[in-house]
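Everything on this sheet refers to the single structure shown next.
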Amino acid sequence: MLRPTTALLLILLAAAPLHAEEWRQLFNGKDLDGWTPKIRGYDAGDNYADTFRVEDGLLKVRYDKYEGGFRNRFGHLFFAEPFSHYRLRVEYRVVGEQAAGGQGWAYRNSGVMIHGQTPESMGKGQNFPVSLEVQILSRDEPNANLCTPGTHVVLGGRLHTRHCTSSSSQPFTTNDWVTLEVEARGGELIRHLVNGKPVIEYRQPQLDPGDASAQKLLAAGADKMLSSGTISLQSESHPIDFRRVELLVLE
């Protein structure tokens, strides 16, 4: 016969989850520790005009200190480590007015870049990292679309070379907080989710040999097929707030 304390311990162990989810907070709510900015026209690490800043516990993207308008100074804030198999969760809202001189297509537009190159490997005048973009749109269009700067994917069983592809997401046209998620299984499967609902998925991300930036990576010895890479947050001329950036590593 088991002692009462032993029996109770066995019951508690049986009821406990075998693998508790351990979400890692990539944004600590205090500063940009662990992140590197890369803004077009500037070296990696130069956070021109305080584009990326932390205020009131939010990671903010702002352009109020830009001189002479936006002038295509596209920026990206890179997390220090690359990842391969993971679930990324970002909570954001698009706010305010677009910076003067921003492109029309960038109105209420931003993005989260995954499977990307490092900021140090980008050219000083390069607009966007070679990567997969999970597009953020806060206007009368689908959200969490796929864009492919310097890359291609396999979609519906075929090589897909269109630069931007709409998801099945509903539009978001207010300043409400939205939860954007990405499930990445290396190069096998990538899925975008909005507020918990899957909206697009694709496979076999790869470098586009016809793209100049991708050509430089290939010439430096990069694999054509992408199974991992950097994660970055975009600055594309419209202000945006992030209140959570967290990641769950998958087997």
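The basis for the numbers below is simple: all heavy atoms, side chains too, and nothing from hydrogens, waters or symmetry mates.
In this structure, CZ on F52 lies 11.0 Å from OG1 on T36, to the nearest 0.5 angstrom. Once rounded to the nearest 0.5 Å, the distance linking OG of S166 with CG of L137 reads 8.5 Å. The distance from atom CG of D223 to atom CG of L207, rounded to the nearest 0.5 Å, is 8.5 Å. To the nearest 0.5 Å, atoms CD1 (I200) and OG (S169) are separated by 10.5 Å. The distance from the NZ atom of K38 to the OG1 atom of T230 is 13.0 Å, given to the nearest 0.5 Å. Between the CG atom in D211 and the NE2 atom in H163 there is a gap of 10.0 Å [rounded to 0.5 Å].
Counting only distance, with no hydrogens or angles, the side chain of W23 and the backbone of R89 share no donor-acceptor pair below 3.5 Å. Remark: the backbone N or O of T174 is paired with a side-chain donor or acceptor of S138 at under 3.5 angstrom. Between the side chain of N145 and the backbone N or O of S167 there is at least one donor-acceptor pair closer than 3.5 Å. Checked by atom type and distance alone, the side chain of Y48 never pairs as donor or acceptor with a backbone atom of G75 at under 3.5 Å. Proximity of a side-chain donor or acceptor of R62 to a complementary backbone N or O of I240 within less than 3.5 Å is detected. The backbone N or O of W177 lies less than 3.5 Å from no partner atom in the side chain of R93, so there is not a single donor-acceptor pair. In this structure a side-chain-to-backbone donor-acceptor pair under 3.5 Å is missing from S232 to L77. Using modelled atom types, one side-chain atom of T151 and one backbone atom of S131 make a donor-acceptor pair closer than 3.5 Å. Between the D56 side chain and the L58 main chain, no donor and acceptor come within less than 3.5 Å of each other. Checked by atom type and distance alone, the side chain of N28 pairs as donor or acceptor with a backbone atom of D31 at under 3.5 Å.
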Check step by step if side chain to side chain contact (heavy atoms under 4.5 Å, CB included) holds for Q204 and M225.
CA-CA 7 Å; Q204 298 177 39; M225 306 305 294; 3.8 Å; yes

Could you go through the side chain to side chain contact (heavy atoms under 4.5 Å, CB included) check for I39 and D46 one step at a time?
CA-CA 7 Å; I39 297 171; D46 186 346; over 6 Å; no

Working note: V245 + Y92, criterion side chain to side chain contact (heavy atoms under 4.5 Å, CB included); need CA distance, chi angles, decisive distance, verdict.
CA-CA 9 Å; V245 183; Y92 74 88; over 6 Å; no

So H160 and V154, side chain to side chain contact (heavy atoms under 4.5 Å, CB included) or not? Walk me through it.
CA-CA 5 Å; H160 188 73; V154 171; over 6 Å; no

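Counting heavy atoms from C-beta outward, E141 and P171 have side chains that stay 4.5 Å or more apart. Looking at I136 and L180, their side chains come closer than 4.5 Å, going by heavy atoms from C-beta outward. With a 4.5 Å cut-off on side-chain heavy atoms, L189 and E201 count as touching. Counting heavy atoms from C-beta outward, L217 and S121 have side chains that approach closer than 4.5 Å. Within the 4.5 Å cutoff, side-chain heavy atoms of V61 are placed close to those of T51. Here the side chains of Y63 and P239 are in contact, with some heavy-atom distance below 4.5 Å. Side-chain contact between R40 and N72: present, with at least one pair of heavy atoms (C-beta onward) separated by less than 4.5 Å. Side-chain contact between F78 and T118 is absent, with no heavy-atom pair separated by less than 4.5 Å.
A parallel orientation is assigned to the rings of F70 and Y66, their planes being inclined by less than 30° (bins at 30° and 60°). Between W105 and F74, the ring planes lie parallel to each other; the angle is under 30°, not in the 30° to 60° tilted range.
Cluster annotation: M113 and I231 are assigned to distinct hydrophobic clusters (Ile/Leu/Val/Met/Phe/Trp/Tyr, side-chain heavy-atom contacts under 4.5 Å, transitive). Note on L218 and M122: separate hydrophobic clusters, where clusters join Ile, Leu, Val, Met, Phe, Trp and Tyr whose side-chain heavy atoms are under 4.5 Å apart, directly or indirectly. Residue V130 is not grouped with residue F83 when hydrophobic side chains (ILVMFWY) are merged at heavy-atom distances under 4.5 angstrom, including chains of intermediate members. In this structure, L193 is not a member of the same hydrophobic cluster as V90, with clusters built from ILVMFWY side-chain heavy atoms closer than 4.5 Å. Both L88 and V178 belong to a single network of hydrophobic side chains, linked directly or stepwise wherever heavy atoms of I, L, V, M, F, W or Y lie under 4.5 Å apart.
Of the N and O atoms on the side chains of H152 and Q206, not one donor lies less than 3.5 Å from an acceptor on the other residue. S237 and Q98 share a donor-acceptor pair across their side chains, judged by distance under 3.5 Å alone. For S110 and H238, the side-chain atoms include no donor-acceptor pair closer than 3.5 Å. Between the side chains of R73 and N127, no donor-acceptor pair of N or O atoms lies under 3.5 Å.
Using a cutoff of 4.0 Å between basic side-chain nitrogens and carboxylate oxygens, K60 and D241 are not scored as salt-bridged. The existence of a salt bridge linking R203 and E188 is excluded, since no basic side-chain nitrogen approaches an acidic carboxylate oxygen closer than 4.0 Å. Using a cutoff of 4.0 Å between basic side-chain nitrogens and carboxylate oxygens, R53 and D64 are scored as salt-bridged. Salt-bridge annotation for E81 and R24: present, with a side-chain N of the basic residue lying under 4.0 Å from a carboxylate O of the acidic one.
Pairing each heavy atom of A144 with each of V194, the nearest pair is CB-CG2, 3.4 Å. When all heavy atoms of P198 and S168 are compared, the pair lying nearest together is O-OG, 4.1 Å. When all heavy atoms of H76 and S235 are compared, the pair lying nearest together is N-OG, 4.2 Å. Taking every heavy atom of both residues into account, H115 and G186 meet most closely at NE2-O, 2.9 Å.
Sorted by first then second residue, the ring pair (Phe, Tyr, Trp, His ring centres under 6.0 Å) pairs that include residues 178-230, not counting sequence neighbours, are H192-Y202.
In summary, the aromatic rings of F27 and F79 are positioned with their centroids too far apart to meet the 6.0 Å limit.
Of the residues I190, L247, L132, the one that meets the side-chain contact (heavy atoms from CB on, under 4.5 Å) test with V182 is I190. No option in Q234, Q117, E133 other than Q234 meets the side-chain contact (heavy atoms from CB on, under 4.5 Å) test with F128.
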